[in-house]
Asker: 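Structure in structure tokens, see below.
Only heavy atoms go into these numbers, but all of them, side chains included; no hydrogens, no water, no symmetry mates. Convention: sequence-line order gives letters A, B, ...; per-chain numbering from 1.
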Protein chains: 2
Amino acid sequence: MGLEMGDTHRSKPRSRRGGVRRDPAAATISRVADAAGVSRATVSRVMNGSTTVAPELAARVRAAAEALNYEPSLLARSLALGRTSTVSLIVPDLANPMFQDILRGLSTAAGAHGHRLMVAESNENAEAEQILAVEARRRSDGLVLASSRIPEPQLRALHERLAPLVLLNREIPGTAVPSLSVDYHAGIRAIVAHLLGYGHRRLVYLAGPPASTSNTDRLVTLRAEAAGSPGFHLTELDCGSTFETGHAAARAVLATGATAVVAFNDMVAFGALSGLHELGVSVPGQLSITGFDDIPFARYTTPPLTTASIPKNELGRQAWERLWALMSGAPPGYDARFQPRLLVRDTTGPVRA
Amino acid sequence: MGLEMGDTHRSKPRSRRGGVRRDPAAATISRVADAAGVSRATVSRVMNGSTTVAPELAARVRAAAEALNYEPSLLARSLALGRTSTVSLIVPDLANPMFQDILRGLSTAAGAHGHRLMVAESNENAEAEQILAVEARRRSDGLVLASSRIPEPQLRALHERLAPLVLLNREIPGTAVPSLSVDYHAGIRAIVAHLLGYGHRRLVYLAGPPASTSNTDRLVTLRAEAAGSPGFHLTELDCGSTFETGHAAARAVLATGATAVVAFNDMVAFGALSGLHELGVSVPGQLSITGFDDIPFARYTTPPLTTASIPKNELGRQAWERLWALMSGAPPGYDARFQPRLLVRDTTGPVRA
DNA sequence: CTGAAAGCGCTAACAT
DNA sequence: ATGTTAGCGCTTTCAG
């Protein structure tokens, strides 16, 4: 099949200057072209399935590629094409199932369109997140920021450099950055109404990370509700967003004398539940607990957790849709604010007489 | 500061051929060079912190870069350098906390060395995994395959194309591919001994995905133990690796008449626990249950799950070390097989009289 | 210390 | 239908 190597495409001697070739034996488009006795353009055409190549030539090219174990460099291809077919996602905490679900939704949707996903975790650190965001964006064609902890001014200053950008649980008012979020206000109202209906009047809120805007949302609504309902007493406890912080807060919760605890999210609720259990407190007998997010484990705890469910996977999926639209110059969909669905399970009950 | 634009570095007119520039206004090294009145080489030197540049020139370059909002193209840089500073991870199931922990360990370690992580999920599909693996590898400098479901022959055929490659919970005997794994045999033996000590003689194994080699390991040991202990009766139930499958298996578990269930992993154990709970079965009163992995939730279930703990984060961290060694031409560390630690919690107890 | 030029591997407009 | 060539944006050797 005449697969000998030549150098017909390199008029000047290859003097091993410039960039570093990793594997000197690696097959390149030029080698394949030489081996098949065609031009690189033809090889490129064949590799990309162009129909305008004579069957015989195409066969020769394929044989050469096969023989040389040729695999086009995606890097070079990306550079030439101006796109990487990769998008990035940044989350505050990979350990949180909530973000993992978003990750899955995004990964799946992007994958279905031939795109890969790059992930990075900011560890709840706003500084780190900014660096990561810029770098991640530079390595890919688009970026999704989930529950970004970046303060508004910085985010506002940054958003143009990050475009195409999609925000999850965050928005930049006055800009066209697509945003998908959850109506935490509504979720909290539903939780409070549920608790009030059971006769609870003394609630304690296990607050999440201060940089979390959704924590602020919850707080604002909680305070408003407390202010609006006579006899409704609210205590706020700084907590965090993890099992551990929820678990550690058990004793403090007890000390407040509250009859119901509204946890920042399911992880915290789960931790508190466990901590309370260790202290011999029965739930919901002595104390009611609510979570937020409805992570997969929530329905399997004992007792199953009352929580506000949000469409995590959908958030990821739709983030992809918005991003894809942005990347292809189409109009992104309208911003959406998903309404949480209250799932009354067994960690809440009537207040003890 | 003389930041006007010029075209001194383009002898031929830029006729907008070849590759597609995404953003025509984007700052490139050439523009910065022109603006600063220096060569691209100098800009490159400055951007990469070379000390051999005259302070005055360096300042001019920095000013120009700043003014133009210049950000070097990581893509072009990667092409020239021959490396992407990115590594990839492929897991069967992103929903499994076990893999998420590995992901975190790897992500953190890689990040600390200035590398980014790319993830893909094979959804327990061996075919998809092979495609993903090859592509992921082509986009990055190295690959980690976690609990790969790729059959041995294919994996063996593929491993050279995937190098630098590190395997987690999998190995290719006879090759030099670094492998980090868990001694499932030992873990299962510890679990069985624990159960036998409580007087259990009829066990049921909730089997994981058939393609999982670690499932095979568990099975082999379980059968050996059963064969070696008179009176020890083992039933095998095909199950899977998720909550749902564990939950769905509850009734079947009961039907076996076993007094203890050995679940493939914590997720399955958790699902079974929940399913049994719904059927009014008390654990460990009527039935004992064990998991495997010790995912974060395991200690928070009610009752807390008896399981075999494995160093998930460490697996990710060390995977990075091996990969990094491979990529830098250093000898990778020795293969390691971590010994699970049995964590006796409250889902196991004496067999009912 | 700086610049010129070759090179990384691929794509696509243009010409034949 | 195929080849030629310019170009993607950066790095690095070499010469001065």
Asker: Mapping B:Ala76 and B:Leu57 to their closest nucleotides on DNA chain C, which lands nearer the 5' end?
Answerer: B:Leu57
Asker: Hey, is the main chain of A:Pro173 close enough, under 3.5 Å, to the side chain of A:Arg156 for a donor-acceptor pair?
Answerer: yes
Asker: Output all residues satisfying side chain to side chain donor-acceptor pair (under 3.5 Å) with A:Ser179, sequence neighbours left out; order by chain, then residue number.
Answerer: none
Asker: Between atom CG in B:Leu79 and atom P in C:dC10, what is the gap in whole Å?
Answerer: 9 Å
Asker: In whole Å, what is the span from the CZ atom of B:Arg31 to the P atom of D:dC10?
Answerer: 11 Å
Asker: Determine whether the side chains of B:Asn48 and B:Arg77 contain a donor N or O and an acceptor N or O closer than 3.5 Å.
Answerer: yes
Asker: From D:dC10, C:dT2, D:dT11, pick the nucleotide closest to the side chain of B:Asn48?
Answerer: D:dT11
Asker: Side chain of A:Ser44: nearest nucleotide among C:dC10, D:dT12, C:dT11?
Answerer: C:dT11
Asker: Output the rounded distance in Å from CZ (A:Arg138) to C1' (D:dC8).
Answerer: 16 Å
Asker: Please determine, by modelled atom types, if B:Ser148 and B:Glu129 share a side-chain donor-acceptor pair under 3.5 angstrom.
Answerer: yes
Asker: Between A:Val53 and B:Ile29, who's closer to the 5' end of DNA chain D by nearest nucleotide?
Answerer: A:Val53
Asker: From the options D:dC10, C:dT2, D:dA1, select the nucleotide whose nearest atom is closest to the side chain of B:Thr42.
Answerer: C:dT2
Asker: Taking atom C1' of C:dG7 as reference, at what distance in whole Å does atom CG of A:Leu75 sit?
Answerer: 14 Å
Asker: With sequence neighbours left out, write down each residue that passes side chain to side chain donor-acceptor pair (under 3.5 Å) with B:Ser88, or none if nothing qualifies.
Answerer: B:Ser140
Asker: What pairs of residues pass the ring pair (Phe, Tyr, Trp, His ring centres under 6.0 Å) test when at least one of them lies in residues 127-176 of chain B, not counting sequence neighbours?
Answerer: none
Asker: Find the distance A:Arg83:CZ to C:dT11:C1' and express it as a whole number of Å.
Answerer: 11 Å
Asker: Distance check needed: C:dA4 P versus B:Asp34 CG, whole Å only.
Answerer: 11 Å
Asker: Among C:dC10, D:dC10, C:dA4, which nucleotide has an atom closest to any side-chain atom of B:Tyr70?
Answerer: D:dC10
Asker: Counting only side-chain heavy atoms from C-beta out, which of C:dG3, C:dT11, C:dT2 sits nearest to B:Ala41?
Answerer: C:dG3
Asker: Report the nucleotide, chosen from D:dG3, D:dC10, C:dT2, that has the shortest atom-to-atom distance to any side-chain atom of B:Arg45.
Answerer: C:dT2
Asker: How long is the line joining CZ of A:Arg40 and P of D:dT5, in whole Å?
Answerer: 11 Å
Asker: Roughly how many Å is it from CG in A:Leu81 to P in C:dT11, rounded to a whole number?
Answerer: 7 Å
Asker: Rounding to 10 degrees, work out the angle separating the end axes of the helix from C:dC1-D:dG16 to C:dT16-D:dA1 (five pairs an end).
Answerer: 40°
Asker: Side chain of A:Ser73: nearest nucleotide among C:dG9, D:dT2, D:dA6?
Answerer: C:dG9
Asker: Below 4.0 angstrom from OP1 or OP2 of C:dG9, is there any side-chain N or O of A:Thr28?
Answerer: no
Asker: Counting side-chain heavy atoms from C-beta on, which of C:dT2, C:dC10, D:dT11 comes nearest to B:Arg77?
Answerer: D:dT11
Asker: Filter on ring pair (Phe, Tyr, Trp, His ring centres under 6.0 Å), then keep only pairs touching residues 125-144 of chain B, sequence neighbours left out; what's left?
Answerer: none
Asker: Restricting to pairs with a member in residues 102-150 of chain A, which pass ring pair (Phe, Tyr, Trp, His ring centres under 6.0 Å), not counting sequence neighbours?
Answerer: A:His113-A:Trp320, A:His113-A:Trp324, A:His115-A:Trp320, A:His115-A:Trp324
